[in-house]
Asker: 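One structure coming up, written as structure tokens, with questions to follow.
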Amino acid sequence: MTVPAGTTTVAIQGVGTMGGQALRDAGAPIGGPDAAVVARDDSGRLLDLAWAPETDTTVAAVAAGSDDGRSVIRHSCAHVLAQAVQQLFPEAKLGIGPPVTDGFYYDFDVDRPFTQDDLVAIEKTMRKIIKAGAEPYKLELVDRKGDVDTSEVMEVGAGELTVYDNLHAHTGEAVWADLCRGPHVPTTRHIPAFRLMRSAAAYWRGSERNPQLQRICGTAWESAERLDEYLEHLAEAERRDHRRLGAELDLFSFPAEIGSGLAVFHPRGGIVRREMEDYSRQRHVEAGYEFVYSPHITKGQLFETSGHLQWYADGMFPPMHLDEELSEDGEVRKPGQDYYLKPMNCPYHNLVYRSRGRSYRELPLRLFEFGSVYRYEKSGVVHGLTRVRGMTQDDAHIYCAPGQLPGELKSLLSFVLDLLRDYGLDDFYLELSTRNEDKYVGSDALWEEATETLRQAAEDSGLELVADPGGAAFYGPKISVQARDALGRTWQMSTIQLDYSMPERFDLEYTSSDGSKQRPVKIHRALFGSIERFFGVLLEHYAGALPAWLAPVQAVGIPIADEHVEHLQQVAKALRARGVRVEVDASDDRMQKKIRTHTTQKVPFLLLAGGKDVEAGAVSFRFRDGTQVNGVAVDQAVEAVAGWVNRRENVSPTAADLPLGAS
RNA sequence: GCCGCCUUAGCUCAGUCGGACAGAGCGGCUCACUCGUAAUGAGCAGGUCGGGGGUUCGAUUCCCCCAGGCGGCUCCA
């Protein structure tokens with residue numbers, strides 16, 4: 001929450017004094033990003049500035065540029081949008097128009113979807129409404145509850161509703177009205193900057209069983225500067241869109257021949273992926289995980305036992321019906337079997353566990369698999385690498401004795417966070433997803449215990465913890481790690497789920513020290529979630545300029561002229577011996593062109609060599625940011641590059657932070 | 001799955017109000033140039049205009065269906 005300088009708080013004494021007047025009298029700013037747009041009373045309620053208390057009270061100014069202030073501006077802007085739409089499309093009925101993150105929307109019931117041209121016209125009309133010459137309309141609170149013809153003005157929702165009329169400044173005539181809870185900016189002049197973004201269909205009240213309305217989305221800010229910053233932020237997000245970078249850097253593609261949501265990785269993408277996986281493997285070995293493998297298809301029985309088929313059949317590829325035999329007359333002589341593509345790894349791991357008797361001495365048993373799974377995602381949701389129909393999970397299932405849970409969860413959480421940090425993500429918060437009352441199995445007591453155990457582990461981490469009621473899978477609660485990327489966007493990364501149900505369904509046991517059979521508790525844990533998705537997130541986080549250890553090509557030798565190629569080949573050979581992925585660009589492009597090419601390809605180290613370098617047994621460094629260090633002795637250069645790569649430095653190398661004693 | 005929009009060369013995009021061999025830049029290939037830190041020049045190749053059907057004398061252009069993509073909604077074990 002932004003708390004602007006000069007926040008004004010004022011005590012109102014005497015009935016009938018408007019909050020806005022009191023704040024103005026107390027010196028609250030009336031213009032600019034700090035302008036008071038609404039008031040907050042001492043109970044935290046947001047109130048119109050026109051509101052007048054019935055008893056003595058204290059109100060604080062809510063600045064335009066605060067989170068609440070922006071929400072109010074956006075909400076008011078949504079009203080202006082609705083007014084403009086009804087002005088241009090008198091038959092349009094109104095749905096709801098709330099503020100949302102970074103903007104607002106308003107849903108309309110209209111005969112036909114809005115076109116691009118419609119949006120342009122609507123935006124123009126909105127601008128007119130906001131600043132119709134010197135005399136803007138006022139958006140004023142009119143207390144006319146119970147006096148509303150709801151067939152005219154569509155009901156918005158439950159709760160306290162008031163009619164807001166937009167009044168003409170001079171005549172006082174109501175030019176437009178909408179039902180709303182408020183509060184609003186005192187006049188439309190307090191909507192300094194907005195932009196309509198797009199229109200799209202949306203289900204009425206968010207349920208796909210309801211008819212669709214046409215939604216217009218927009219954004220609004222406390223100043224033109226903040227709007228511009230926001231638009232630039234969107235442009236930057238588009239520039240670093242992993243789908244675009246994937247093509248530009250020749251990393252992966254989605255051939256239409258394969259099908260929607262199914263990616264192929266090209267050689268360069270394959271290198272990145274292999275590095276990501278190999279490092280993860282190494283860390284898992286160190287942390288006591290054992291590696292297992294399981295097939296991509298299975299008979300349906302496995303997923304009936306696990307319960308997935310009951311809950312998630314819609315999200316699975318439909319079965320192949322195999323091995324059925326019919327007699328001459330068409331009777332089924334041998335019933336067939338349904339085989340399913342694997343949507344989850346965990347049932348297979350239960351079978352690994354169950355393949356022999358288990359002792360308490362083996363626990364916690366940590367099984368890990370880079371397991372490819374296939375899910376029939378709805379056609380409208382497939383999105384680049386972040387939402388696919390075929391993906392590889394870095395999936396681990398840990399079987400513990402109940403008493404081992406707290407310790408295991410704690411070390412697991414720090415393992416997960418440490419590993420994410422090693423890939424360069426370091427800004428996290430946790431989410432605790434609790435039971436979905438419509439979709440769960442297991443007793444209340446077990447859910448209660450599992451949820452509390454997870455909550456404890458989450459709280460011990462010291463990270464911010466956000467509740468996600470109803471977000472759990474059917475078999476148990478989960479903690480998810482949300483990571484913020486370089487643009488401040490959050491992505492759900494790792495999940496840790498507790499499961500008492502699966503061990504029971506699969507009748508998993510271990511023999512405890514007293515010889516009795518006991519049931520283990522299972523922890524499900526995905527770290528990247530899906531490799532593909534994590535790949536996409538990292539690409540966007542780094543804007544394609546991957547850390548050197550992940551970069552497909554780590555160094556390129558660029559000769560000034562052909563005669564310097566040989567020298568660079570020697571350097572490359574030395575680098576290769578140290579495990580560095582290096583190429584020498586011996587093409588007949590000019591040197592400047594080569595620098596451009598490999599800079600565009602985001603190669604972290606460019607090693608130039610001309611006559612001076614060859615003579616001195618040196619190379620000259622050029623980095624992605626354009627900085628350079630010339631005349632570095634070859635041995636030192638090789639050490640610098642190899643050291644940087646092997647240390648898995650995540651920042652982009654630049655002249656300033658490379659230890660090169662250069663000329 | 002639902003709504004809207006989109007699909008022209010490997011990539012990014014012009015263009016065709018239904019009519020002649022469909023254009024450009026980048027990329028690729030060839031040749032010349034051998035150059036000190038983000039684009040040397042010239043030439044060549046490359047497209048059944050996403051696929052199928054329909055309307056029409058004639059369809060890349062209009063209509064329908066399908067596929068793929070984009071933006072939302074819904075969903076996400």
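Throughout, protein chains are lettered first and strands after them, A, B, ... in sequence-line order, and every chain is numbered starting at 1.
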Asker: Does A:His383 reach a base, just sugar-phosphate, or nothing at all? Heavy atoms under 4.0 Å.
Answerer: sugar-phosphate
Asker: Are A:Ser480 and A:Thr495 linked by a side-chain donor-acceptor pair shorter than 3.5 Å?
Answerer: no
Asker: Indicate, with a heavy-atom threshold strictly under 4.0 Å, whether A:Pro343 touches base, sugar-phosphate, or nothing.
Answerer: base
Asker: What nucleic acid atoms does A:Arg243 come within less than 4.0 Å of, heavy atoms only: base, sugar-phosphate, or nothing?
Answerer: sugar-phosphate
Asker: Mind checking what makes side chain to side chain donor-acceptor pair (under 3.5 Å) contact with A:Thr451, not counting sequence neighbours?
Answerer: none
Asker: Select base, sugar-phosphate, or nothing to describe what A:Gly611 touches, counting heavy atoms under 4.0 Å on all strands.
Answerer: base
Asker: How would you label the contact of A:Ser379 with the nucleic acid (heavy atoms, under 4.0 Å): base, sugar-phosphate, or nothing?
Answerer: base
Asker: If I pick the P atom on B:A59 and the same atom on B:U40, what distance separates them, to the nearest angstrom?
Answerer: 45 Å
Asker: Go through RNA chain B in 5' to 3' direction and return only the first and the last nucleotide with some atom under 4.0 Å of chain A's heavy atoms.
Answerer: B:G1 to B:A77
Asker: Using a 4.0 Å heavy-atom cut-off, does A:Arg198 contact any base of the nucleic acid, only the sugar-phosphate backbone, or nothing at all?
Answerer: sugar-phosphate
Asker: Using a heavy-atom cut-off of under 4.0 Å over every strand shown, decide if A:Phe114 touches base, sugar-phosphate, or nothing.
Answerer: nothing
Asker: Quick one: do A:Asp444 and A:Arg435 make a salt bridge, cutoff under 4.0 Å?
Answerer: yes
Asker: Give each stem of RNA chain B as a range with a range, requiring at least 3 consecutive Watson-Crick or G-U wobble pairs whose two distances are under 3.5 Å.
Answerer: B:1-7 with B:67-73, B:10-13 with B:23-26, B:28-32 with B:40-44, B:50-54 with B:62-66
Asker: Relative to each other, are the rings of A:Phe605 and A:Trp644 parallel, tilted or perpendicular (30° and 60° limits)?
Answerer: perpendicular
Asker: Taking A:Arg240 first and then A:Asp485, would you say they form a salt bridge - that is, a charged N and a carboxylate O separated by under 4.0 Å?
Answerer: no
Asker: Does A:Glu304 come within less than 4.0 Å of A:Lys299, counting only side-chain N to carboxylate O?
Answerer: no
Asker: Using the side chain to side chain donor-acceptor pair (under 3.5 Å) definition, which of the options A:Arg243, A:His242, A:Arg239, A:Arg244 pairs with A:Glu540?
Answerer: A:His242
Asker: Evaluate the criterion ring-ring contact (aromatic ring centres under 6.0 Å, His included) for residue pair A:His397 and A:Tyr353; output intermediate values, then yes/no.
Answerer: CA-CA 10 Å; A:His397 296 101; A:Tyr353 181 97; over 10 Å; no
Asker: Of A:Ser207 and A:Met316, whose closest RNA chain B nucleotide lies nearer the 5' terminus?
Answerer: A:Ser207
Asker: Given the P atoms of B:U12 and B:C70, what is the spacing between them in whole Å?
Answerer: 12 Å
Asker: At under 4.0 Å between heavy atoms, what does A:Asp314 touch on the DNA or RNA strands: base, sugar-phosphate, or nothing?
Answerer: nothing
Asker: Under 4.0 Å, counting only non-hydrogen atoms across every strand here, what does A:Arg622 touch: a base, just sugar-phosphate, or nothing?
Answerer: base
Asker: For A:Lys342, answer base if it contacts any base atom (sugar-phosphate contacts may also be present), sugar-phosphate if it contacts only those atoms, and nothing otherwise; contact means non-hydrogen atoms under 4.0 Å.
Answerer: nothing
Asker: Rounding to an integer number of angstrom, what distance separates B:G10 and B:C57 when you compare their P atoms?
Answerer: 35 Å
Asker: Regarding A:Ser620, tell me which of base, sugar-phosphate or nothing describes its non-hydrogen contacts under 4.0 Å with the strands shown.
Answerer: base
Asker: Applying the side chain to side chain donor-acceptor pair (under 3.5 Å) test to A:Asn345, which of A:Asn350, A:Thr392, A:Asp395, A:Asp394 qualifies?
Answerer: A:Asp395
Asker: When you match A:Ala473 and A:Gly626 each to their closest nucleotide on RNA chain B, which lands nearer the 5' end?
Answerer: A:Gly626
Asker: Rounded to whole angstrom, note down the C1' distance from B:G46 over to B:C73.
Answerer: 42 Å
Asker: Can you check salt bridge (charged side-chain N to carboxylate O under 4.0 Å, His left out) on A:Glu615 and A:Lys612, steps first, answer last?
Answerer: CA-CA 5 Å; A:Glu615 203 172 316; A:Lys612 283 181 245 166; over 6 Å; no
Asker: Judged by modelled atom types alone, do A:Thr453 and A:Glu449 share a side-chain donor-acceptor pair under 3.5 Å?
Answerer: no
Asker: Roughly how many Å apart are B:G23 and B:U34, using the C1' atom of each and rounding to a whole number?
Answerer: 34 Å
Asker: Classify A:Gln212 by what it touches in the nucleic acid, base, sugar-phosphate, or nothing, heavy-atom distance under 4.0 Å.
Answerer: base
Asker: For atom P, what is the distance between B:U60 and B:C13, given to the nearest Å?
Answerer: 23 Å
Asker: With heavy atoms under 4.0 Å as the rule, sort A:Lys612 into base, sugar-phosphate or nothing.
Answerer: base
Asker: Work out how far the P atom of B:U48 is from that of B:A9, and round it to whole angstrom.
Answerer: 9 Å
Asker: Looking at every strand, decide which applies to A:Asp589 at a 4.0 Å heavy-atom threshold: base, sugar-phosphate, or nothing.
Answerer: nothing
Asker: When the P atoms of B:C3 and B:C65 are considered, how many whole Å apart are they?
Answerer: 11 Å
